[in-house]
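Single-structure report; data block below.
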Amino acid sequence: MSSGFSGVLQLTDLDDFITPSQECIKPVVIEKTASGTGSKIKIQNDGSYVQVNEGGDTEKLRRVDISLSDCLACSGCITSAESVLITQQSQDEMLKVFQNNKQLRECGKEKESKLIVVSISIQPVLSLAARYKLEPHDAFQRLSGYLKSIGADVVLDMTLSEDLSLLESETEFLERFRSKSGGSKTCLPMFTSSCPGWVCYAEKTHGSFILPYISSTKSPQQIQGTLVKQLIAKNRSYQAANVYHVTVEPCYDKKLEASRNDFYNEQEDSRDVDCVITSIELEQMLMSQNLSLSDIPPAEVDFPWLEGSSSTEPCSYKGTLVRHRGTGSGGYADHVMAVAAYELFGESSAQLNFKVLRNPDLREAILEKDGQVVLRFAVANGFRNIQNLMQKLKRGKCPYDFVEIMACPSGCLNGGAQVRPEEGVQQKELTTQLEKCYEELPIHTPKSNPLVQEIYANFLGGMGSDRISTSLHTAYHAVEKMNTALNIKW
């Protein structure tokens, strides 16, 4: 039976930020003590709860903690994770590790200490640069100086991991497109998977239906984790478990991503990313110390990738803050479409301009050949556009070959954990400022990076190797809905 809905029906009364619902529950076994019906519960001055029994004696009630693993396994809601109490993924936990490491070294127990590595994404740098009225490169070096002053041994950018993520996405799309052209049942469109908010929503809401369409390529954060825990650790004679890896990201959902079991190595008892700190948390750390980023002495951003290598070929971006062509979320659509136009249709100079459709967060670009549309790519930001896209896909009406999807309106530069605008400044105005700063940075293309080929050949074992599939790719999982009375909406 055909759908009675119009093909142009659009969902318009949706929020772009989806927060935890009342269905967010964690079933736990509570050990109850025998008591009469006269017990009462009181709130103490410190905020704790106690049960007052009939005899007047009190019993402190046990607090129930919800971990990130619980959140990922629960189908009760789709969440930006902004309201979830996080223990291991917090600035306090990070500072505790930093302090413990410092004490071990002061006591002469260097061998028991960890190698602390911090990897910084470009979006937090621009956010903090705008907050403290600094040039982006200056802010990057001062941020490096601050992190090293509180305990980081190595501070990195994420350009190499972004390059690898773009190149793997490119390879994956070309394989899918050619397979489908050859009659295979390969799923197109291909949706990017670097936004954990979108992936979490897809797993919990659309389940097994949507998974074949999602790219298996890891996000730059998780590729960076693999390189840090395997390559840098090996070059510096550390076990992966003795490397503490922190990433600085523009959204809270990256904490969820780092906590996925898929990114935990049981054999080495190590996560690819141990802790994720956001832009706004870094601002809070500076404020708690009465510091401004502009007061911090700058320090060079490290470049350890050539350690133990015989390569002498210089990297054009070494020590420089660079961007990729396209959106401030990584430029996946722009990069993959330019490569696909050349590799599939021999178009090396095609004008691939993404045009705004119904709203600024939905854009598309097409490639025509001999009067026919041969490629159609899109950028879809925000849950309103995502949900409309899912409606079209389920009706078989989605016209795209590739879609770059980000949960936040305006993408990662407007991430949910970016520094908030100052009083009197609108969020849209700040986002526009960050986009302008991003566009003014030097453009870097992945294939101009000599490190990529070296990483592929020496560390990953060459194109098509098993190590590439395990190091640069992952899998996603449908989350089954919980059918309990607590989920019923009355």
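Hydrogens, waters and symmetry mates are skipped; everything else that's a heavy atom, side chains included, is used. Here the structure is a predicted model, which is why all the values come from computation and not from measurement.
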- request: Answer yes or no on whether Arg467 is positioned over the face of Phe459, meaning its NZ or CZ is under 6.0 Å from the six-membered ring centre and within 45° of the axis.
  value: yes
- prompt: What's the spacing between Ile296 CD1 and Leu286 CG if we round to 0.5 Å?
  reply: 6.0 Å
Salt bridge Arg325-Glu439, side-chain N to carboxylate O under 4.0 Å: no
- request: Give a yes or no answer on whether the side chain of Lys234 reaches the backbone of Ala240 with a donor-acceptor pair at less than 3.5 Å.
  value: no
task: Could you tell me whether the side chains of Gln224 and Ser119 share a donor-acceptor contact shorter than 3.5 Å?
output: yes
- prompt: Are Asp274 and Lys229 ion-paired here, with the side-chain N under 4.0 Å from a carboxylate O?
  reply: yes
query: Where the side chain of Asp361 meets the backbone of Pro409, is there a donor-acceptor pair that is under 3.5 Å apart?
result: no
task: Ignoring hydrogens and angles, tell me if any N or O in the side chain of Arg363 forms a donor-acceptor pair with the backbone of Ala378 under 3.5 Å.
output: no
field: Under 3.5 Å side-chain donor-acceptor pair for Gln123 and Gln418
entry: no
field: Ring centers of Tyr213, Phe402 separated by less than 6.0 Å
entry: no
- prompt: Are Arg105 and Asp153 within salt-bridge range, i.e. N to O under 4.0 Å?
  reply: yes
field: Side chain Arg323, main chain Ile443, donor-acceptor under 3.5 Å
entry: no
- prompt: Do the charged groups of Asp138 and Arg142 touch, with an N to O distance under 4.0 Å?
  reply: yes
- prompt: For Met285, does its backbone N or O pair with a side-chain atom of Ser288 as donor and acceptor, under 3.5 Å?
  reply: yes
task: Answer yes or no: does atom CD of Gln426 have more than 12 heavy-atom neighbours from other residues, nucleotides or ligands under 6.0 Å?
output: no
Salt bridge (charged side-chain N to carboxylate O under 4.0 Å, His left out) between Glu203 and Arg260, intermediate numbers included: CA-CA 13 Å; Glu203 290 179 318; Arg260 294 179 72 96; 2.7 Å; yes
query: Is Gln99 atom CD crowded by more than 12 heavy atoms from other residues, nucleotides or ligands, each under 6.0 Å away?
result: yes
field: Pair Thr192, Ser194: side-chain N/O donor-acceptor within cut-off below 3.5 Å
entry: no
- prompt: Does a side-chain N-to-carboxylate-O contact under 4.0 Å join Glu281 and Lys255?
  reply: yes
- request: Would you confirm whether Ser193, through its side chain, and Thr217, through its main-chain N or O, come within 3.5 Å as a donor-acceptor pair?
  value: yes
Asp302 and Lys148 ion-paired at < 4.0 Å: yes
statement: Those residues at least two apart in sequence (or on a different chain) that pass side chain to side chain donor-acceptor pair (under 3.5 Å) with Ser127 are none
task: Look at the side chain of Ser144 and the backbone N and O of Glu300, then say whether any donor-acceptor pair between them is shorter than 3.5 Å.
output: yes
Considering all heavy atoms, the nearest Glu404-Gly331 contact: OE1-C, 3.7 Å
query: Does Ser329 use its side chain to pair, donor to acceptor, with the backbone of Cys412 at less than 3.5 Å?
result: yes
message: When you measure from the side chain of Ser471 to the backbone of Ile468, do you find a donor-acceptor pair of N or O atoms at a distance under 3.5 Å?
response: no
- request: Measure from the side-chain N and O atoms of Ser161 to the backbone N and O of Met158, and report whether any donor-acceptor pair falls under 3.5 Å.
  value: no
query: Under the ring-ring contact (aromatic ring centres under 6.0 Å, His included) criterion, do His335 and His324 qualify, and how do the steps go?
result: CA-CA 8 Å; His335 174 82; His324 291 91; 7.8 Å; no
message: Testing the 3.5 Å rule here: is there a donor-acceptor pair between the side chains of Ser270 and Tyr264?
response: no
message: Just to verify, which of Ser279, Ser219, Ser121 counts as forming a side-chain hydrogen bond (donor to acceptor under 3.5 Å, both in side chains) with Glu249?
response: Ser121
message: Please verify the inter-ring angle class for His206 with Tyr201; under 30° counts as parallel, over 60° as perpendicular, anything in between as tilted.
response: perpendicular
- request: From the options Pro136, Pro297, Pro298, select the one residue that forms a side chain to side chain contact (heavy atoms under 4.5 Å, CB included) with Gln141.
  value: Pro298
- prompt: Are any non-hydrogen side-chain atoms of Phe354 and Thr327 less than 4.5 angstrom apart?
  reply: no
message: Could you tell me if Gln289 and Gln284 have a donor-acceptor pair between their side chains, going purely by distance under 3.5 Å?
response: no
message: Other residues, nucleotides and ligands only: do more than 12 of their heavy atoms fall within 6.0 Å of CD on Glu266?
response: no
field: Centroid-centroid under 6.0 Å between Phe383 and Trp198 rings
entry: no
